[in-house]
Student: 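Here it is, the structure in full.
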Number of protein chains: 2
Amino acid sequence: MSIRVTSWLESLQAHGYRLTEARRAVVEVVATSKRALSPLEVYEIARRRYPALGLVSVYRTLEMLSALHLVQRVHQEDGCNAYLPSLEGHQHLLICERCRRVEYFDGDDLEALFARVGEQTGFEIRSHWLQLFGLCQACKQAVS
Amino acid sequence: MSIRVTSWLESLQAHGYRLTEARRAVVEVVATSKRALSPLEVYEIARRRYPALGLVSVYRTLEMLSALHLVQRVHQEDGCNAYLPSLEGHQHLLICERCRRVEYFDGDDLEALFARVGEQTGFEIRSHWLQLFGLCQACKQAVS
DNA sequence: CATAGAATTGAAAACGGTTTTCAGTATGAG
DNA sequence: CTCATACTGAAAACCGTTTTCAATTCTATG
Ligand SMILES: [Mn+2]
Ligand SMILES: [Mn+2]
Ligand SMILES: [Zn+2]
Ligand SMILES: [Zn+2]
């Protein structure tokens with residue numbers, strides 16, 4: 001059992017949620033995924049372990065995990081309904097346009113840019129998204 | 001009549017589309033907006049000029065304008081169905097979280113970051129999104 | 001371990017934004 | 001002006017998501 005699965009289940013419990021088979025199945029799928037999954041994809045995969053699972057429970061569990069900042073929604077040109085484990089703290093995503101595999105990175109240094117843009121526009125800047133798109137190593141070879 | 005309205009209408013015509021009242025109404029609203037507008041918002045505003053307008057035509061016109069790269073879809077935490085005029089070339093958005101007003105900026109220098117992340121992950125980086133969120137001058141005062 | 005009450009479940013219905021269908025209309029080339 | 005056809009709006013269909021609800025499952029407590 002992945003450490004992340006255990007830790008998510010403990011988090012749910014610590015926030016007063018009960019541990020049920022439906023939640024366990026959803027958590028196991030999402031917490032161990034290396035790619036962004038839509039609710040329907042989560043449903044189809046999780047049902048292999050727990051066939052009685054309902055799609056509604058996938059939505060409800062994703063909403064909880066989202067409120068606890070354990071998952072985040074990923075936006076792409078071709079859809080904005082995929083979810084991914086959130087790492088600790090602020091980080092950015094690099095997404096494979098072909099297979100949806102995701103890598104995390106940080107180390108952007110945009111403070112100077114924010115200051116300049118804030119000054120020029122009069123905006124108070126509160127947050128930002130920086131997301132890269134491309135092809136992962138496997139898909140790069142598959143395509144060429 | 002705004003230069004951008006004229007230019008969009010010419011673009012549509014140049015690509016073989018007919019100029020109709022419905023299209024004119026939609027183009028006039030979207031091309032002159034300083035804020036990202038949802039199809040329904042476009043519909044409601046455009047109907048003040050052309051009451052016979054159907055919501056379907058808003059969708060159809062937005063799709064054309066999008067294919068011609070004259071508008072772009074804007075993604076936000078609370079929804080991804082708003083459209084905005086696209087400026088020439090690559091640029092980034094700064095969006096007011098309260099009123100959706102948008103400013104454009106460029107001058108990001110992220111090439112070094114892309115090179116480093118590409119190297120570390122093995123990805124071929126093809127594009128990126130950089131979007132800032134905050135409060136515009138007017139909303140900053142209204143909130144405080 | 002047994003109980004009881006509340007949280008949770010999945011099925012079905014409802015919802016809301018978007019797309020398709022279709023018969024009538026307006027556009028623009030000739 | 002005429003005519004073929006691109007385009008229209010209304011209505012229906014569609015599809016992902018949310019709500020409703022009666023039945024079931026947890027878990028705190030004895
Ligand atoms: Mn950052
Ligand atoms: Mn850029
Ligand atoms: Zn989005
Ligand atoms: Zn504002």
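Order of the sequence lines sets the chain letters (A, B, ...), proteins ahead of strands, with each chain counted from 1. What's counted below: heavy atoms across the whole structure, side chains too, no hydrogens, waters or symmetry copies. All values derive from a computational prediction rather than experimental measurement.
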Student: With nearest nucleotide decided by heavy atoms, which residue, B:R24 or A:G16, maps closer to the 5′ end of DNA chain C?
Tutor: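 Here A:G16 is the residue nearer the 5' end.
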Student: Between C:dT20 atom P and B:L55 atom CG, what is the distance in whole Å?
Tutor: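 Answer to the nearest Å: 14 Å.
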Student: Atom CZ of B:R60 and atom C1' of D:dA6: how far apart are they, to the nearest Å?
Tutor: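 Value for this atom pair: 11 Å.
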Student: If the helix axis at each end comes from five base pairs, how far does the helix from C:dC1-D:dG30 to C:dG30-D:dC1 deviate from straight, to 10°?
Tutor: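 If I round to tens, the end axes sit 40° apart.
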Student: Do the ring planes of A:W129 and B:W129 sit parallel (below 30°), tilted (30 to 60°) or perpendicular (above 60°)?
Tutor: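 A:W129 and B:W129: parallel rings.
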Student: Flag the pair A:Y104 / A:L84 as yes when at least one side-chain heavy-atom distance between them is below 4.5 Å, and no otherwise.
Tutor: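 Yes, close enough: below the 4.5 Å cut-off.
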Student: Please check the phosphate of D:dC7 (OP1 and OP2 only) for any side-chain N or O of B:T20 closer than 4.0 Å.
Tutor: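 Negative; the distance criterion is not met.
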Student: Round to a whole Å and report the spacing from CG of A:L12 to P of D:dC26.
Tutor: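 A:L12 atom CG is separated from D:dC26 atom P by 15 Å.
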Student: Is the CZ atom of B:R49 crowded by more than 12 outside heavy atoms at less than 6.0 Å?
Tutor: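 Not buried by this count: 12 neighbours or fewer within 6.0 Å.
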Student: Should A:Y83 and A:P39 count as side-chain neighbours, where that means a heavy-atom distance under 4.5 Å?
Tutor: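 With C-beta onward as the side chain, the pair touches.
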Student: Nearest to the side chain of B:V56, which nucleotide is it out of C:dT20, C:dT18, C:dA7?
Tutor: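 Between C:dT20, C:dT18, C:dA7, the one nearest the side chain of B:V56 would be C:dT20.
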Student: Can you measure A:L9 atom CG to D:dC26 atom C1' for me and round it to whole angstrom units?
Tutor: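 Going from CG in A:L9 over to C1' in D:dC26 covers 15 Å.
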Student: Any chance you could measure A:R23, atom CZ, to A:L65, atom CG, to the nearest 0.5 Å?
Tutor: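 Between A:R23 CZ and A:L65 CG, I get 9.5 Å after rounding to 0.5 Å.
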Student: Measuring from atom CG of B:L87 to atom CG of B:L70, what distance do you get when rounded to the nearest 0.5 angstrom?
Tutor: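 Nearest 0.5 Å value for the CG-CG distance: 11.0 Å.
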Student: Rounded to the nearest angstrom, tell me the gap between atom OH in A:Y50 and atom P in C:dT8.
Tutor: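 So the OH-P distance, A:Y50 to C:dT8, works out to 14 Å.
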Student: Nearest-Å distance, CZ (A:R18) to C1' (D:dT27)?
Tutor: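 Nearest whole value for this atom pair: 6 Å.
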Student: Ion pair present between A:E21 and A:R24, side-chain N to carboxylate O less than 4.0 angstrom?
Tutor: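 A salt bridge links A:E21 with A:R24.
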Student: B:Y17 has an atom OH; how far is it from atom C1' of D:dT8, in whole Å?
Tutor: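 After rounding, the reported distance stands at 16 Å.
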Student: Counting side-chain heavy atoms from CB outward, which of C:dT9, D:dG9, D:dG16 is closest to A:Y59?
Tutor: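 So the nucleotide nearest the side chain must be D:dG16.
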Student: Please state how far atom CG in A:L40 lies from atom P in C:dG10, giving the value in whole angstrom units.
Tutor: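 It is 15 Å, rounded to the nearest whole Å.
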Student: Return no unless some side-chain N or O of A:R23 is found under 4.0 Å from OP1 or OP2 of C:dT9.
Tutor: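 Yes, A:R23 has a side-chain N/O under 4.0 Å of OP1/OP2 on C:dT9.
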Student: Measure from the side-chain heavy atoms of A:N81 and tell me the nearest of D:dC26, C:dG10, D:dG16.
Tutor: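 Nearest nucleotide to the side chain: D:dG16.
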